[in-house]
Amino acid sequence: MPYDYRDLAPEDAAFLLDMLRLALGWHLVPPADGSPLPVAVPPRVFDDLGRAGDGGVVATLHGEPAGACWYRVMPADGHELAGGPVPELTIAVVPQHRAQGVGGTLLDRGIDQARADGFAAIDLVVEHENPARAMYVRRGFEPAGGAHGSSRMRKLLG
């Protein structure tokens, strides 16, 4: 299918909230009625979307969002490399658009954008059982710590 990809915009905040629920609840079956997954997300997560350190890509099909890959510098987390912040990446694809290459393309474009934004590295957190972990490894993410069934992975962008 002919997917289009565009830069993340502040008006994508509501869609990103749905995508974050999918990313956090990757092991859950989405409700048949289309309602959001029952995954708690702090309401302030995207209140200030578009601030310095934010970036990402949204996939669309016929104008409808199909997935997103985004990153944010989280000031309180203290992740730095060579004195600069390391943003944390999140990615999710709407279930009916999975297994069509959308996730891989989103990830590649998100990585390229973070590199172009001048970041030296990018991090993500993934649960050990999550099948997406293999995609991250194929794209050069390496273990960088973790606990409680998940691990932080980092990709150097230099």
Between Arg51 and Val73, is there a donor-acceptor pair closer than 3.5 Å when you use the side chain of the first and the backbone of the second? yes

By salt bridge (Lys or Arg N to Asp or Glu O under 4.0 Å), which residues pair with Asp112, not counting sequence neighbours? Arg115

With side chain to side chain contact (heavy atoms under 4.5 Å, CB included) as the test, would you mind laying out the steps for His97 and Val94 before giving the verdict? CA-CA 6 Å; His97 298 286; Val94 175; 3.8 Å; yes

Residue pairs passing the salt bridge (charged side-chain N to carboxylate O under 4.0 Å, His left out) test with at least one member in residues 133-145, sequence neighbours excluded, are Asp108-Arg139

Give the C-alpha distance, both sets of side-chain angles, the deciding distance and a yes or no for side chain to side chain contact (heavy atoms under 4.5 Å, CB included) between Gln100 and Val93. CA-CA 10 Å; Gln100 298 180 53; Val93 176; over 6 Å; no

Can you name the closest pair of heavy atoms from Leu22 and Ala92 and give their distance? CB-CB, 4.1 Å

Considering residues at least two apart in sequence or located in another chain, which fulfil the side-chain contact (heavy atoms from CB on, under 4.5 Å) criterion with Glu11? Ala9

What distance separates Leu106 CG from Cys69 SG, expressed to the nearest 0.5 Å? 6.0 Å

Run the salt bridge (Lys or Arg N to Asp or Glu O under 4.0 Å) test against Asp12 and tell me which residues pass, sequence neighbours left out. Arg6

Tell me if a side-chain donor or acceptor on Gln113 pairs with a main-chain N or O of Gly56 at a distance below 3.5 Å. yes

Which is it for Phe119 and Val86 under the side chain to side chain contact (heavy atoms under 4.5 Å, CB included) test, yes or no, and what are the steps along the way? CA-CA 7 Å; Phe119 292 108; Val86 176; over 6 Å; no

So does Leu89 get a backbone contact from the side chain of Arg72, meaning a donor-acceptor N/O pair under 3.5 Å? no

Looking only at heavy atoms, which two atoms of Ala121 and Pro87 are closest? And how far apart? O-CD, 3.4 Å

Kindly compute the distance separating CD1 (Ile111) from CD1 (Ile122), expressed to the nearest 0.5 Å. 7.0 Å

Mind checking whether Val125 and Met153 sit in one hydrophobic cluster, side chains of I, L, V, M, F, W, Y counted as touching below 4.5 Å? no

Could you tell me which residues satisfy side-chain contact (heavy atoms from CB on, under 4.5 Å) with Ala68, sequence neighbours excluded, listed by chain and number? Phe15, Leu16, Met19, Val58, Trp70

Roughly how far apart are Phe141 CZ and Arg154 CZ, rounded to 0.5 Å? 10.5 Å

Closest non-hydrogen atoms of Glu88 and Leu124, given as atom of the first, atom of the second and distance, are CG-CA, 4.3 Å

Checking side chain to side chain contact (heavy atoms under 4.5 Å, CB included) for the pair Thr60/Tyr5: CA distance, chi angles, key distance, verdict? CA-CA 6 Å; Thr60 62; Tyr5 297 87; over 6 Å; no

How far apart are the closest heavy atoms of Leu107 and Tyr136, and which atoms are they? CD2-CD2, 3.7 Å

With sequence neighbours left out, the residues meeting salt bridge (Lys or Arg N to Asp or Glu O under 4.0 Å) with Asp117 are none

With rounding to the nearest 0.5 Å, note down the distance linking OG1 in Thr90 to CG in Leu20. 6.0 Å

